[in-house]
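Computed from a prediction, not measured in an experiment: that's the story for all the values here. Start at 1 and go down the list; that is how both ligands and their atoms are numbered.
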Amino acid sequence: MQTIEEPAGGRGRLQPATVAVVGRPNVGKSALFNRLIGQRLAIVEDTPGVTRDRLYALCEWRGRVFSMVDTAGIDPDPDPDAFGSFADVTRRQAEAAAEQADVVLFVVDAAAGLHPLDEDVATILRRTHRPIVLVANKAESPSASAAVHAEFAKLGFGGPIAVSALHGEGTGDLLDRVVELLPDAPDGEPQQDELALAIIGRPNVGKSSLLNALLGEERALVSEQPGTTRDAIDTVLQRSDTTLRLIDTAGMHKKPQAHGAIAYYAALRSLKAIARCDVALLVFDAMVGLTAQDRRLAGIAIEERKGLIFVGNKWDLVREQGEFSQGELARVVGELVPFARFAPVTFLSAKTHRRLGSLLPLVDRVAANLDRRIATAPLNQTLRNAVLAHPAPAVGGRLFKVYYVTQPAVHPPVFVFSCNDPDLLQSHYRRFLENVIRQHFDFEGVPLTLEFRRRRDSSDE
Ligand code: GDP
């Protein structure tokens, strides 16, 4: 599978279909998920605290883009009292995932054979009328025989596709099948000159209030449009020079979901909104500060290479406590998310509209930075000077050398370093190179992708 770095048609907005990985515990759902998205994670640098327990990734296979959800890490009903047996959790996960998914990968364990819980999951999935792909994992196991596969066929989804999450066999065939079953790309793609903003954050931080405040303040032409996924409503805001598409993750699905799955849906909606946006506005309660969940959302936005702005809402309540310096508070926020220090922080009140005017100029700036292209000459000049002043330390007696840098893509910006041996690059030197770019060129709010390729004729001289 490929990483998505140069989306076709300029802007990186995508309206992905959803593929959910479902099955009873221990069949290897997470291992399969990680195997399927593996190549991409190897390229995108880990964001601390995010990648290890990620349950969502944007994927591409044969030119089709889709989001894949691992249900293993999700309990749609995280209320500790409601934690039932494995069977209950599995059923809830299967229900929740299947309801949202366009295609379901139903994973069974070829080493263990058919299990009663598999039949429970099958019953739930049959009711969803979604396309189901039966996947027999652990194909490398000696007990994964034709007889076992015949047994799985009794589940009613045809013969399984045999894969090994451990070794990778069969995953190409599996992805081919997934892509065949994906729905056609939706109509109504956003205009190229639109900028899509996702308003994300925990419940009650004021996302809806912020949306309404922005719409009220702008006194602009507003239209509600069904989002391109089943569960979003977009508001299109016409400004004098730009069109903003506001992807609302707050107001939807307010009706109670079966079995308290609201947190699960809220998380999934945030993830889908991030996938579709250009810039994510991560709203948090300024009285509370950033939480672990906010860090995680920020990490996902960065991994998806979206613009990112932190919005500390309820500034009116902070002001009631006394005088605070925004700069000082922003610095504190930065310390909590060191991997997102490039993202600007603003504080405002959606309720009183205090400092509300600070937000859209910031959005415009980050949008401009997403599209920023640095010409090859100044880029190389800058990096050459920096590298001469701070050469990379030797690794095992060998030096990492950069020959040439280009920026082949914008939105998101991608920098390709031609070098002698990418394996010699140490993470701190990679950060150094990124910081050099950031110090000399304005990429505030924009994650940068740095790729290192071995120059074909390179030698260590
Ligand atoms: P959402 O769940 O993130 O969409 O949050 P809401 O927009 O529904 O807001 C949650 C609560 O916070 C509501 O009672 C709002 O009135 C309140 N609220 C939202 N923004 C502000 C603000 O800037 N200041 C104050 N004091 N309250 C706010």
Side-chain angles (χ1 to χ4, degrees), residues 76-79 196-219 222 224-225 227 229 231-237 244-257 260-274 276-277 279-298 300-301 306 308-326 329-330 332-333 336-337 343-363:
D77 193 351
D79 172 1
L197 300 181
I199 303 179
I200 57 172
R202 294 183 312 118
N204 280 318
V205 293
K207 296 184 295 299
S208 310
S209 307
L210 179 62
L211 177 70
N212 291 330
L214 286 174
L215 301 184
E217 192 78 354
E218 285 288 303
R219 274 183 219 87
V222 170
E224 291 233 317
Q225 296 186 1
T229 51
D231 58 353
I233 297 228
D234 296 353
T235 310
V236 175
L237 180 73
L244 293 183
R245 175 178 289 261
L246 298 162
I247 306 171
D248 184 11
T249 59
M252 312 296 302
H253 282 293
K254 280 265 155 111
K255 68 177 161 62
Q257 293 285 349
I262 292 171
Y264 166 76
Y265 288 113
L268 193 54
R269 271 199 306 282
S270 296
L271 299 172
K272 287 185 170 186
I274 291 172
R276 291 173 55 221
C277 80
V279 179
L281 304 183
L282 206 167
V283 184
F284 64 100
D285 186 331
M287 290 293 280
V288 176
L290 281 190
T291 67
Q293 201 178 331
D294 295 324
R295 286 201 290 277
R296 187 183 164 122
L297 279 175
I300 291 169
K306 305 301 183 171
L308 178 63
I309 297 172
F310 290 100
V311 182
N313 187 33
K314 312 198 184 179
W315 180 243
D316 52 314
L317 299 181
V318 176
R319 287 294 310 239
E320 281 173 17
Q321 308 293 313
E323 288 289 331
F324 291 91
S325 139
Q326 291 230 354
L329 290 180
V332 173
V333 168
L336 289 168
V337 278
V345 186
T346 188
F347 293 90
L348 53 79
S349 169
K351 191 169 167 187
T352 67
H353 291 200
R354 193 177 178 117
R355 290 194 35 87
L356 184 64
S358 68
L359 184 56
L360 289 186
L362 210 49
V363 166

*Is there at least one pair of N or O atoms, one from N204 and one from ligand 1, spaced under 3.5 Å apart?*
yes
*When only distance counts, is G206 in polar contact with ligand 1, meaning an N/O pair under 3.5 Å?*
yes
*Taking heavy atoms and a distance under 4.0 Å, where does D316 meet ligand 1: side chain, backbone, both or neither?*
side chain
*Locate the shortest heavy-atom distance separating L348 from L359; write the atom from each residue and the value.*
CD2-CB, 4.0 Å
Sub-4.0 Å atoms of ligand 1 with respect to non-hydrogen atoms of [X]:
X    : value
K207 : 1 (P), 2 (O), 3 (O), 4 (O), 5 (O), 7 (O)
S209 : 6 (P), 7 (O), 9 (O), 15 (C), 19 (C), 20 (N)
S349 : 22 (C), 23 (O), 24 (N)
L317 : 26 (N)

*So between R355, R202, K314, whose heavy atom ends up nearest atom 18 (N) of ligand 1?*
K314
*Please verify whether a non-hydrogen atom of P203 lies at under 4.0 Å from ligand 1.*
yes
*Taking R355 for the side chain and F347 for the main chain, is one N or O donor matched with an acceptor at less than 3.5 Å?*
yes
*Under 3.5 Å, is there a donor-acceptor pair between the side chain of N313 and the main chain of V205?*
yes
*Using 4.0 Å as the upper bound for N to carboxylate O, is an ion pair formed by K314 and D285?*
yes
*Assess the side chains of N212 and S209: does a donor N or O sit below 3.5 Å from an acceptor N or O?*
no
*Kindly compute the distance separating CZ (R295) from CG (L282), expressed to the nearest 0.5 Å.*
12.0 Å
*asked:* Angle between ring planes, F310 versus F284, binned at 30° and 60°: parallel, tilted or perpendicular?
replied: perpendicular
